[in-house]
Amino acid sequence: MILDKEAEIQRKLKIEPIVGSYNSYTVNEKEKRDWSGNIYLACVVAILTIAFFT
């Protein structure tokens, strides 16, 4: 909590029983990909490419 604001994060959990055990489960969390870094990288590459060929 920062400055009394709560950020709700929705997570997708996949719960599977462990084979050969009694009442034990694995929890796998699927995270959303953060594409912002890749977009910034593509913009920098595009700018450098344009600067190189002009």
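Source: prediction; values computed, not measured.
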### Task
Would you list the pairs meeting salt bridge (charged side-chain N to carboxylate O under 4.0 Å, His left out) in which at least one residue belongs to residues 15-27, sequence neighbours left out?
Lys14-Glu16
#### Entry: Sole residue of Ile18, Asn23, Val19 in side-chain contact (heavy atoms from CB on, under 4.5 Å) with Ser21
Ile18
### Summary
Between Thr49 and Val45 the two heavy atoms that sit nearest each other are OG1-O, 2.7 Å
